[in-house]
Participant: 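Quick one: structure below, then a few questions.
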2 protein chains.
Amino acid sequence: MRAQVVTIHDVARAAGVSPATVSRVFNGGNVTPARAQSVQEAAAALGFAPNRLARSLRKQRSSVIALIIPDIENPFFTSLARGVEDAAQRTSLSVVLCNSDEDTDKERRYLEVALGEQMAGVIVASASRDETDLGPLTARGVPVVAVDRRPRDAEVDAVRVDDRHGGEVATRHLLQAGYRRIACITGPAGASTSEERLAGYRAALHSARRDGVTADDAYVRHADFRVEGGRAAMRDLLALPEPPDAVFVANNLMTIGVLDALGEVGRTPPGVGVLSFGDVPWASLVRPSLTAVELPSYELGRTAADLLLQRMEGSGSPLQTVVLRTTLQIRESTAGPATD
Amino acid sequence: MRAQVVTIHDVARAAGVSPATVSRVFNGGNVTPARAQSVQEAAAALGFAPNRLARSLRKQRSSVIALIIPDIENPFFTSLARGVEDAAQRTSLSVVLCNSDEDTDKERRYLEVALGEQMAGVIVASASRDETDLGPLTARGVPVVAVDRRPRDAEVDAVRVDDRHGGEVATRHLLQAGYRRIACITGPAGASTSEERLAGYRAALHSARRDGVTADDAYVRHADFRVEGGRAAMRDLLALPEPPDAVFVANNLMTIGVLDALGEVGRTPPGVGVLSFGDVPWASLVRPSLTAVELPSYELGRTAADLLLQRMEGSGSPLQTVVLRTTLQIRESTAGPATD
DNA sequence: TTGAGGGATGAAATCCTTTTCAGCGGCAGG
DNA sequence: CCTGCCGCTGAAAAGGATTTCATCCCTCAA
């Protein structure tokens with residue numbers, strides 16, 4: 001009992017005009033008011049809804065934009081998504097979210113979909129720095145903005161935070177609080193965010209290496225930006241002959257795992273210092289409260305969307321990279337080392 | 001410098017065959033192996049990627065399914081989304097996520113997009129019980145599954161949890177723990193989940209009304225399923241001449257707000273009992289640990305996707321509603337009232 | 001009065017695939 | 001040897017909108 005599909009032709013017939021005129025009514029062409037009205041009425045009476053596929057096919061461009069994120073279960077990215085949506089809200093564009101799950105294959109599939117569906121634009125927080133290929137999109141003239149993470153060599157606008165600086169400030173804070181054996185649990189080697197946060201950590205340690213601070217990479221671990229990865233890495237660090245007395249964790253979810261692992265062995269902050277890059281969700285409920293590098297996730301999304309919209313309107317301005325500031329929020333978890 | 005678009009015609013010409021044959025190669029028609037191979041090679045050489053719009057237009061059905069959820073910042077829904085994705089993963093379908101933000105207008109827009117883009121199917125956790133109109137989709141024969149929330153009168157398959165029963169069990173637990181003035185903070189009046197969880201609460205109180213238990217609606221509040229709403233509602237309850245000694249909160253995010261509001265006035269569980277319908281994210285870090293009705297969010301999504309796929313394969317079976325069980329996880333926050 | 005200019009309109013081309021249909025050739029069975 | 005069937009193939013239609021182009025008609029200026 002499938003309802004018959006109402007096309008522009010049906011409306012045209014009902015209103016006694018040509019399909020071209022109907023199209024013009026809906027797209028702002030020149031039509032005499034009387035005719036326009038009768039078209040409107042006919043469309044309403046028939047329950048006409050334009051076929052977006054046909055329209056996009058003809059126009060060579062659809063009216064949805066894709067937002068591709070690597071982890072939908074990370075509040076950082078969902079907040080970013082809200083930023084994108086709110087910015088798109090003011091236009092007639094719809095945003096669809098694609099979860100690449102930190103998997104370059106899935107990501108590639110979604111990029112193919114975006115291309116094949118002629119999406120109006122793409123915002124991507126790429127799963128991998130090297131394997132993400134935005135070439136086909138940019139070659140076809142589809143506006144693309146990289147957000148948070150930066151694919152190598154890509155000729156696209158970008159919005160990110162000052163990862164390296166943030167990591168450096170964070171680590172320096174731990175030093176100043178008196179910690180001396182500071183570990184770093186960072187993300188997968190492929191991601192730009194992992195590498196830069198780690199670079200900041202190294203820089204801070206390097207410039208403090210006189211005062212008995214360990215500055216080799218014995219305390220560095222790579223994990224997967226997820227809770228389990230953080231937990232495993234922390235367990236590994238705790239098993240060292242001389243475990244660290246503080247840890248700089250390169251993302252929020254891994255920090256959850258780290259806190260769990262510490263709880264297991266009865267050690268809690270600030271005895272062991274814990275500093276998270278990115279706020280832990282519902283930080284207000286965590287005890288002790290957590291020192292964190294706060295990220296402007298919402299603004300990241302919002303700015304990316306603005307850049308994309310601007311580019312879609314055909315701004316010919318040169319490619320730009322916007323870097324947003326992070327802020328260190330000092331709380332209880334880094335109050336200073338336990339005095340043995 | 002937009003790259004020329006490679007169409008099936010270009011491939012056909014390069015391979016010395018007709019477009020129809022190229023299409024058959026990609027869609028599993030009958031083609032002699034030799035020819036098929038030369039088509040494959042030509043396609044690869046030209047970097048051919050099929051235009052999904054044209055394909056969908058012709059087939060009257062695209063290969064993406066839409067998942068419409070009311071709050072992308074709620075871990076419950078993101079976990080549900082993972083369930084949907086994992087189920088769809090085994091097919092060639094892509095999932096796109098749409099965030100209606102508990103806003104019936106946004107939701108309507110996304111439903112229009114789903115219809116206009118001829119999406120292969122739709123899974124929806126509807127923003128409103130009454131205003132969500134799935135009619136156009138079902139009329140056109142698009143498979144639809146309602147998940148978590150149930151739109152009224154809709155002729156669709158559904159997957160949800162035993163909200164009413166869960167609410168009743170939860171409230172009964174609070175009674176058994178010794179609480180006597182039990183409040184309920186539920187969601188917006190329009191949502192089925194709000195109403196049924198509240199109904200469970202009422203049922204439990206009703207059957208216990210002999211033992212000095214307050215059972216009118218003085219302790220019932222409607223909020224918006226968000227953190228702020230929970231906070232406001234709890235403040236309101238605390239301002240009563242005789243504040244409640246326990247509260248049953250109908251979703252996880254509102255519970256965060258409730259805990260915040262309690263913290264502000266220096267009252268903590270279990271002195272005031274707190275029971276959350278739906279786990280709070282990263283519950284392991286919350287002190288005291290939180291008693292909650294645990295929801296099978298992932299399975300909800302997974303089951304909904306399975307139902308949808310089954311329906312898309314043309315199963316003519318009658319409409320079904322799958323109800324999944326909730327489980328009460330008893331922890332510290334409901335250990336018993338403060339003894340004044 | 002005539003020509004230029006311009007707004008409104010419809011026919012038809014266009015976007016790119018899929019799918020129907022008819023034709024062709026080969027093979028097996030009568 | 002003929003018929004029927006089947007597999008492979010290409011031409012062309014179909015899907016539903018937008019857009020170009022030509023036409024018509026009207027107004028205004030010379």
Side-chain angles (χ1 to χ4, degrees), chain A residues 2-39 42-43 46-64 92 112-113 115-120 140-142, chain B residues 2-39 42-43 46-63 92 112-113 115-120 140-141:
Chain A
R2 178 166 309 186
Q4 176 138 343
V5 181
V6 181
T7 75
I8 207 173
H9 283 87
D10 303 323
V11 176
R13 195 164 346 105
V17 300
S18 77
T21 300
V22 178
S23 172
R24 283 190 270 259
V25 169
F26 286 102
N27 296 288
N30 281 327
V31 181
T32 49
R35 236 179 257 254
Q37 174 160 4
S38 75
V39 168
L46 295 171
F48 168 71
N51 182 320
R52 300 169 67 109
L53 292 177
R55 166 196 296 232
S56 302
L57 174 61
R58 176 63 232 238
K59 302 201 17 166
Q60 306 264 61
R61 175 131 311 180
S62 86
S63 59
V64 335
S92 59
E112 274 166 16
V113 171
L115 185 68
E117 303 254 352
Q118 319 252 45
M119 293 198 178
R140 281 258 295 250
V142 179
Chain B
R2 177 166 312 186
Q4 176 139 343
V5 182
V6 181
T7 75
I8 209 173
H9 283 88
D10 303 323
V11 176
R13 194 161 351 103
V17 300
S18 78
T21 300
V22 177
S23 172
R24 282 190 270 258
V25 169
F26 286 102
N27 296 288
N30 280 329
V31 181
T32 47
R35 237 179 256 256
Q37 174 161 2
S38 77
V39 167
L46 295 171
F48 168 71
N51 183 320
R52 301 169 65 107
L53 292 177
R55 164 195 297 230
S56 302
L57 175 60
R58 177 61 231 237
K59 304 204 4 171
Q60 306 265 62
R61 176 132 311 180
S62 86
S63 59
S92 61
E112 275 166 17
V113 171
L115 185 67
E117 304 255 351
Q118 320 248 48
M119 291 198 178
R140 280 258 295 253

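Any value given below was found using the heavy atoms of this structure, including those in side chains, with hydrogens, waters and symmetry copies removed. Throughout, a chain's letter reflects where its sequence line sits, starting with A, and its residues are numbered from 1.
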Participant: Which is true for A:Phe48 with a 4.0 Å heavy-atom rule: it touches a base, it touches only sugar-phosphate, or it touches nothing?
Facilitator: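 The answer is sugar-phosphate, as A:Phe48 gets under 4.0 Å only of primed atoms, P, OP1 or OP2.
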Participant: Any idea which heavy atoms bring A:Leu53 and B:Ser56 closest together, and the distance?
Facilitator: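 Reported closest heavy-atom pair: CD1-CB, 3.5 Å.
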Participant: Heavy-atom nearest nucleotide on DNA chain D for B:Ser18 versus A:Leu57: which residue maps closer to 5'?
Facilitator: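 Here B:Ser18 is the residue nearer the 5' end.
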Participant: Is the phosphate of D:dG10, meaning OP1 or OP2, less than 4.0 Å from a side-chain N or O of B:Thr21?
Facilitator: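 Yes, because at least one side-chain N or O of B:Thr21 sits under 4.0 Å from OP1 or OP2 of D:dG10.
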Participant: Think A:Arg58 has a side-chain N or O under 4.0 angstrom from the OP1 or OP2 of C:dT14?
Facilitator: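 So the side chain of A:Arg58 is outside the cut-off, no N or O lying under 4.0 Å from OP1 or OP2 of C:dT14.
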Participant: Hey, does B:Val22 reach any base, or is it just sugar-phosphate, or nothing, if we go heavy atoms under 4.0 Å?
Facilitator: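 It contacts nothing in the nucleic acid.
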Participant: Check the distance between D:dG16's C1' and B:Arg55's CZ and give it to me in whole angstrom.
Facilitator: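 After rounding, the reported distance stands at 18 Å.
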Participant: So, does the side chain of A:Arg52 form a donor-acceptor pair with the base of D:dG16 at under 3.5 Å?
Facilitator: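 Side chain to base: no pair present.
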Participant: For nucleotides 4-8 of chain D, give me every protein contact, N/O to N/O, under 3.5 Å, one pair per line with atom names.
Facilitator:
| from | atom 1 | to | atom 2 | distance (Å) |
| --- | --- | --- | --- | --- |
| D:dC8 | OP2 | B:Asn30 | OD1 | 3.2 |
| D:dC8 | OP2 | B:Asn30 | ND2 | 3.3 |

Participant: What do the steps show when you test B:Arg52 against A:Glu112 for side chain to side chain contact (heavy atoms under 4.5 Å, CB included), and what is the final call?
Facilitator: CA-CA 10 Å; B:Arg52 301 169 65 107; A:Glu112 274 166 16; 5.6 Å; no
Participant: Just N and O in the side chain of A:Thr7: are any of them under 4.0 Å from OP1 or OP2 of D:dG16?
Facilitator: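 A:Thr7 to D:dG16 OP1/OP2: no side-chain N or O under 4.0 Å.
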Participant: Taking only side-chain nitrogens and oxygens of B:Asn51, does any of them come within less than 4.0 Å of OP1 or OP2 of C:dT17?
Facilitator: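 Looking at the OP1 and OP2 atoms of C:dT17, neither is under 4.0 Å from any side-chain N or O of B:Asn51.
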Participant: Ignoring hydrogens, what is the shortest heavy-atom contact between B:Gly141 and B:Arg61? Give both atom names and the distance.
Facilitator: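 It is O-NH2, 3.8 Å.
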